[in-house]
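One structure below.
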Amino acid sequence: MVDLDRFTIERAAKGDEKAFRKLYDHYAPFVWRIVYRTVGNDRETAGEIVQDTFIRIHGSLKKFSAVSALGTWIYRIAFNAANTRLAKQAHMRRTMVELTDDVSAPRSGGDSFEARDLVKKILAALDSDDRFLLVAKEIDGLTFDQLAGITGKSSESLRTKMSRIRDKIQAGTITEPLLKEAIA
Amino acid sequence: MIPEKEFYEALARTPELPSGLYSRIHRNIGRQKIFARTLVSLAATLVLAIGIVAALGSGSGNLPAEVVSELQTLCDYGSGSDISTDLETYALYDGDLTN
(Lines give C-alpha, C1' and ligand atoms only; values in the text may rest on other atoms or scores of the structure.)
Protein backbone atom coordinates (compact mmCIF):
# COMPACT_ATOMS: atom_id res chain seq x y z
CA MET A 1 0.00 0.00 0.00
CA VAL A 2 1.45 3.34 -1.07
CA ASP A 3 0.90 6.17 1.38
CA LEU A 4 -1.02 9.30 0.50
CA ASP A 5 0.95 12.48 -0.23
CA ARG A 6 2.03 14.52 2.74
CA PHE A 7 0.21 17.66 1.62
CA THR A 8 -3.18 15.93 1.61
CA ILE A 9 -2.49 14.34 4.99
CA GLU A 10 -1.60 17.70 6.49
CA ARG A 11 -4.70 19.34 5.06
CA ALA A 12 -6.88 16.53 6.35
CA ALA A 13 -5.27 16.92 9.79
CA LYS A 14 -6.26 20.60 9.71
CA GLY A 15 -9.89 19.67 9.12
CA ASP A 16 -10.08 20.04 5.34
CA GLU A 17 -13.08 17.88 4.45
CA LYS A 18 -12.06 17.31 0.83
CA ALA A 19 -8.64 16.16 1.94
CA PHE A 20 -10.20 13.80 4.47
CA ARG A 21 -12.44 12.41 1.75
CA LYS A 22 -9.38 11.79 -0.39
CA LEU A 23 -7.73 10.04 2.55
CA TYR A 24 -10.82 7.87 2.99
CA ASP A 25 -10.97 6.99 -0.72
CA HIS A 26 -7.32 5.98 -0.64
CA TYR A 27 -7.27 3.84 2.49
CA ALA A 28 -10.83 2.59 2.92
CA PRO A 29 -10.56 -0.28 0.39
CA PHE A 30 -7.59 -1.73 2.27
CA VAL A 31 -9.28 -1.28 5.63
CA TRP A 32 -12.49 -2.81 4.30
CA ARG A 33 -10.75 -5.88 2.89
CA ILE A 34 -8.76 -6.68 5.98
CA VAL A 35 -11.63 -5.98 8.35
CA TYR A 36 -14.06 -8.01 6.22
CA ARG A 37 -11.82 -11.04 6.47
CA THR A 38 -10.98 -10.43 10.12
CA VAL A 39 -14.64 -10.58 11.15
CA GLY A 40 -15.30 -13.64 9.02
CA ASN A 41 -17.02 -12.21 5.95
CA ASP A 42 -19.67 -10.31 7.90
CA ARG A 43 -20.52 -7.25 5.78
CA GLU A 44 -22.52 -5.43 8.42
CA THR A 45 -19.95 -5.75 11.18
CA ALA A 46 -17.13 -4.94 8.78
CA GLY A 47 -18.98 -1.80 7.67
CA GLU A 48 -19.42 -0.70 11.27
CA ILE A 49 -15.75 -1.25 12.01
CA VAL A 50 -14.69 0.73 8.94
CA GLN A 51 -16.91 3.57 10.16
CA ASP A 52 -15.43 3.36 13.66
CA THR A 53 -11.94 3.35 12.17
CA PHE A 54 -12.35 6.47 10.08
CA ILE A 55 -14.18 8.36 12.80
CA ARG A 56 -11.23 7.63 15.07
CA ILE A 57 -8.79 8.60 12.34
CA HIS A 58 -10.59 11.91 11.92
CA GLY A 59 -10.42 12.59 15.64
CA SER A 60 -6.78 11.60 15.99
CA LEU A 61 -5.19 12.80 12.76
CA LYS A 62 -3.85 15.95 14.41
CA LYS A 63 -1.94 13.77 16.85
CA PHE A 64 -0.39 11.62 14.13
CA SER A 65 3.29 12.22 14.50
CA ALA A 66 4.62 10.47 11.37
CA VAL A 67 6.87 8.24 13.45
CA SER A 68 5.31 5.38 11.53
CA ALA A 69 3.83 5.58 8.07
CA LEU A 70 0.23 6.75 7.96
CA GLY A 71 -0.87 3.43 6.47
CA THR A 72 0.61 1.48 9.38
CA TRP A 73 -1.04 3.88 11.83
CA ILE A 74 -4.38 3.34 10.10
CA TYR A 75 -3.94 -0.42 10.26
CA ARG A 76 -3.37 -0.13 14.00
CA ILE A 77 -6.57 1.88 14.43
CA ALA A 78 -8.47 -0.66 12.32
CA PHE A 79 -7.03 -3.54 14.34
CA ASN A 80 -8.05 -1.91 17.61
CA ALA A 81 -11.47 -0.96 16.27
CA ALA A 82 -12.05 -4.54 15.14
CA ASN A 83 -11.02 -5.93 18.51
CA THR A 84 -13.26 -3.47 20.33
CA ARG A 85 -16.23 -4.36 18.18
CA LEU A 86 -15.55 -8.07 18.34
CA ALA A 87 -15.13 -7.98 22.09
CA LYS A 88 -18.74 -6.84 22.19
CA GLN A 89 -19.64 -9.85 20.12
CA ALA A 90 -17.52 -12.24 22.12
CA HIS A 91 -18.80 -15.35 20.45
CA MET A 92 -17.14 -14.38 17.19
CA ARG A 93 -13.70 -14.68 18.70
CA ARG A 94 -14.02 -18.38 19.26
CA THR A 95 -15.20 -18.83 15.83
CA MET A 96 -15.02 -22.44 14.98
CA VAL A 97 -18.59 -21.91 13.90
CA GLU A 98 -19.81 -21.39 10.37
CA LEU A 99 -18.55 -18.18 8.86
CA THR A 100 -20.82 -16.09 6.73
CA ASP A 101 -20.65 -17.13 3.11
CA ASP A 102 -18.59 -14.80 1.00
CA VAL A 103 -21.59 -13.97 -1.10
CA SER A 104 -20.48 -11.15 -3.28
CA ALA A 105 -16.89 -11.78 -4.17
CA PRO A 106 -16.82 -11.59 -7.94
CA ARG A 107 -17.18 -14.87 -9.75
CA SER A 108 -16.31 -13.89 -13.29
CA GLY A 109 -12.67 -14.56 -14.03
CA GLY A 110 -12.36 -15.16 -10.31
CA ASP A 111 -12.61 -17.77 -7.69
CA SER A 112 -13.74 -21.29 -8.05
CA PHE A 113 -16.29 -22.56 -5.57
CA GLU A 114 -13.52 -24.73 -4.16
CA ALA A 115 -11.27 -21.74 -3.57
CA ARG A 116 -14.02 -19.78 -1.81
CA ASP A 117 -14.91 -22.80 0.25
CA LEU A 118 -11.29 -23.29 1.28
CA VAL A 119 -10.96 -19.60 2.23
CA LYS A 120 -14.03 -20.00 4.40
CA LYS A 121 -12.68 -23.18 6.02
CA ILE A 122 -9.25 -21.75 6.70
CA LEU A 123 -10.66 -18.53 8.14
CA ALA A 124 -13.06 -20.51 10.32
CA ALA A 125 -10.08 -22.32 11.83
CA LEU A 126 -8.39 -19.04 12.82
CA ASP A 127 -9.25 -16.46 15.43
CA SER A 128 -9.76 -12.84 14.45
CA ASP A 129 -6.18 -11.80 15.25
CA ASP A 130 -4.81 -14.56 13.03
CA ARG A 131 -7.15 -13.61 10.19
CA PHE A 132 -5.95 -10.03 10.46
CA LEU A 133 -2.36 -11.24 10.41
CA LEU A 134 -2.95 -13.47 7.39
CA VAL A 135 -4.41 -10.71 5.23
CA ALA A 136 -2.02 -8.02 6.41
CA LYS A 137 1.03 -10.21 5.79
CA GLU A 138 0.12 -12.26 2.74
CA ILE A 139 -2.16 -9.87 0.84
CA ASP A 140 -1.10 -6.40 1.94
CA GLY A 141 2.56 -7.27 2.32
CA LEU A 142 3.23 -5.74 5.70
CA THR A 143 6.47 -6.73 7.39
CA PHE A 144 6.60 -8.48 10.73
CA ASP A 145 8.07 -5.35 12.28
CA GLN A 146 5.13 -3.28 11.04
CA LEU A 147 2.72 -5.93 12.29
CA ALA A 148 4.45 -5.94 15.65
CA GLY A 149 3.82 -2.19 15.87
CA ILE A 150 0.19 -2.68 14.90
CA THR A 151 -0.70 -5.61 17.12
CA GLY A 152 1.57 -5.01 20.08
CA LYS A 153 2.97 -8.52 19.76
CA SER A 154 6.61 -9.40 19.13
CA SER A 155 7.87 -10.09 15.61
CA GLU A 156 8.96 -13.53 16.73
CA SER A 157 5.56 -14.56 18.02
CA LEU A 158 3.99 -13.25 14.81
CA ARG A 159 6.42 -15.28 12.71
CA THR A 160 5.50 -18.40 14.66
CA LYS A 161 1.80 -17.71 14.23
CA MET A 162 2.22 -17.06 10.54
CA SER A 163 4.14 -20.28 10.12
CA ARG A 164 1.26 -22.23 11.69
CA ILE A 165 -1.25 -20.42 9.51
CA ARG A 166 0.75 -21.28 6.39
CA ASP A 167 0.84 -24.93 7.46
CA LYS A 168 -2.95 -24.95 7.57
CA ILE A 169 -3.15 -23.35 4.15
CA GLN A 170 -0.63 -25.73 2.66
CA ALA A 171 -2.52 -28.69 4.08
CA GLY A 172 -5.51 -27.63 2.01
CA THR A 173 -3.74 -26.55 -1.17
CA ILE A 174 -1.11 -27.65 -3.60
CA THR A 175 2.03 -25.57 -3.25
CA GLU A 176 3.82 -24.26 -6.33
CA PRO A 177 6.72 -26.77 -6.32
CA LEU A 178 4.33 -29.73 -6.06
CA LEU A 179 2.10 -28.24 -8.75
CA LYS A 180 5.03 -27.85 -11.12
CA GLU A 181 6.10 -31.38 -10.34
CA ALA A 182 2.62 -32.67 -11.11
CA ILE A 183 2.47 -30.81 -14.40
CA ALA A 184 5.94 -31.89 -15.52
CA MET B 1 -7.14 -29.47 -3.79
CA ILE B 2 -6.47 -26.10 -5.30
CA PRO B 3 -3.17 -24.38 -5.96
CA GLU B 4 -1.95 -22.26 -3.10
CA LYS B 5 -1.84 -19.24 -5.40
CA GLU B 6 -5.56 -19.64 -6.08
CA PHE B 7 -6.26 -19.63 -2.38
CA TYR B 8 -4.49 -16.30 -1.89
CA GLU B 9 -6.22 -14.81 -4.92
CA ALA B 10 -9.58 -15.82 -3.49
CA LEU B 11 -8.60 -14.44 -0.08
CA ALA B 12 -7.72 -11.08 -1.63
CA ARG B 13 -11.01 -10.83 -3.51
CA THR B 14 -13.67 -9.38 -1.26
CA PRO B 15 -16.98 -7.65 -1.94
CA GLU B 16 -16.88 -4.00 -2.91
CA LEU B 17 -16.60 -1.38 -0.21
CA PRO B 18 -20.22 -0.37 0.61
CA SER B 19 -21.07 2.92 -1.06
CA GLY B 20 -22.91 4.69 1.77
CA LEU B 21 -20.16 4.38 4.35
CA TYR B 22 -18.53 7.75 3.86
CA SER B 23 -21.77 9.67 4.26
CA ARG B 24 -22.41 7.85 7.53
CA ILE B 25 -18.90 8.65 8.72
CA HIS B 26 -19.34 12.30 7.72
CA ARG B 27 -22.65 12.48 9.58
CA ASN B 28 -21.15 10.95 12.70
CA ILE B 29 -18.25 13.37 12.66
CA GLY B 30 -20.71 16.27 12.27
CA ARG B 31 -22.71 15.04 15.26
CA GLN B 32 -19.56 14.76 17.34
CA LYS B 33 -18.63 18.36 16.50
CA ILE B 34 -22.09 19.63 17.47
CA PHE B 35 -21.92 17.70 20.70
CA ALA B 36 -18.47 19.12 21.50
CA ARG B 37 -19.63 22.70 20.75
CA THR B 38 -22.73 22.23 22.89
CA LEU B 39 -20.61 21.09 25.79
CA VAL B 40 -18.33 24.10 25.41
CA SER B 41 -21.35 26.47 25.26
CA LEU B 42 -22.84 24.91 28.36
CA ALA B 43 -19.53 25.21 30.18
CA ALA B 44 -19.20 28.86 29.13
CA THR B 45 -22.77 29.56 30.27
CA LEU B 46 -22.08 27.92 33.59
CA VAL B 47 -18.93 29.97 34.12
CA LEU B 48 -20.77 33.16 33.25
CA ALA B 49 -23.66 32.28 35.50
CA ILE B 50 -21.32 31.59 38.39
CA GLY B 51 -19.56 34.86 37.67
CA ILE B 52 -22.82 36.78 37.68
CA VAL B 53 -24.08 35.14 40.85
CA ALA B 54 -20.78 35.83 42.56
CA ALA B 55 -20.78 39.42 41.32
CA LEU B 56 -24.39 40.05 42.29
CA GLY B 57 -24.00 38.23 45.58
CA SER B 58 -21.04 40.32 46.64
CA GLY B 59 -23.08 43.48 46.10
CA SER B 60 -23.95 44.94 42.77
CA GLY B 61 -22.27 48.14 43.82
CA ASN B 62 -18.93 46.43 43.16
CA LEU B 63 -19.64 46.22 39.43
CA PRO B 64 -20.91 48.93 37.17
CA ALA B 65 -24.54 48.36 36.17
CA GLU B 66 -23.60 48.24 32.49
CA VAL B 67 -21.14 45.39 33.11
CA VAL B 68 -23.69 43.43 35.08
CA SER B 69 -26.20 43.99 32.29
CA GLU B 70 -23.74 42.83 29.64
CA LEU B 71 -22.85 39.74 31.62
CA GLN B 72 -26.55 38.98 31.90
CA THR B 73 -26.95 39.40 28.15
CA LEU B 74 -24.03 37.07 27.43
CA CYS B 75 -25.54 34.54 29.79
CA ASP B 76 -28.85 34.84 27.98
CA TYR B 77 -27.20 34.29 24.58
CA GLY B 78 -25.46 31.23 25.96
CA SER B 79 -28.86 29.96 27.02
CA GLY B 80 -30.18 30.51 23.49
CA SER B 81 -32.12 33.76 23.59
CA ASP B 82 -32.96 35.34 20.30
CA ILE B 83 -30.12 37.61 19.24
CA SER B 84 -31.99 39.17 16.32
CA THR B 85 -34.83 40.37 18.58
CA ASP B 86 -32.33 41.99 20.94
CA LEU B 87 -30.47 43.65 18.06
CA GLU B 88 -33.70 45.20 16.84
CA THR B 89 -34.49 46.43 20.34
CA TYR B 90 -31.07 48.11 20.68
CA ALA B 91 -31.36 49.63 17.21
CA LEU B 92 -34.69 51.17 18.23
CA TYR B 93 -33.13 52.67 21.37
CA ASP B 94 -30.39 54.19 19.22
CA GLY B 95 -32.89 55.45 16.65
CA ASP B 96 -31.25 53.37 13.93
CA LEU B 97 -34.21 51.25 13.03
CA THR B 98 -35.34 52.68 9.75
CA ASN B 99 -38.30 50.48 8.86
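Contact annotation for A:Ile122: only side-chain heavy atoms (C-beta onward) come within less than 4.5 Å of a heavy atom of chain B. Both the backbone and the side chain of A:Leu118 come within less than 4.5 Å of a heavy atom of chain B.
Heavy-atom pairs under 4.5 Å with chain A peak, among B:Tyr22, B:Tyr8, B:Phe7, at B:Tyr22.
The distance from atom CZ of B:Arg13 to atom CD1 of A:Ile139, rounded to the nearest 0.5 Å, is 10.0 Å. Note: B:His26 NE2 to A:His58 NE2 = 8.5 Å, rounded to the nearest 0.5 Å. From A:Gln51, atom CD reaches atom CD1 of B:Ile25 across 5.5 Å, with rounding to the nearest 0.5 Å. Rounding to the nearest 0.5 angstrom, the gap separating the CG atom in B:Leu21 from the CD atom in A:Glu48 is 10.0 Å. The CZ atom of A:Arg116 sits 12.0 Å away from atom CD of B:Glu6, with the distance rounded to the nearest 0.5 Å.
The shortest non-hydrogen separation linking A:Val119 to B:Ala10 is CG2-CB, 3.7 Å. Taking both residues in full, the closest heavy atoms of B:Ala12 and A:Arg33 are given as O-CD, 3.2 Å, listed atom of the first, atom of the second, then distance. When all heavy atoms of B:Pro15 and A:Trp32 are compared, the closest pair comes out as O-NE1, 2.7 Å.
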Worksheet item: Can you list the steps and then say if B:Leu11 with A:Leu123 is a side chain to side chain contact (heavy atoms under 4.5 Å, CB included)?
Response: CA-CA 9 Å; B:Leu11 183 68; A:Leu123 292 180; 4.1 Å; yes

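Test B:Arg24, B:Arg31, B:Gln32 against A:Ile55 for side-chain contact (heavy atoms from CB on, under 4.5 Å) and you get one pass: B:Gln32.
Of all residues in residues 8-28 of chain A, those placing a non-hydrogen atom less than 4.5 angstrom from a non-hydrogen atom of chain B are A:Glu17, A:Phe20, A:Arg21, A:Tyr24, A:Ala28.
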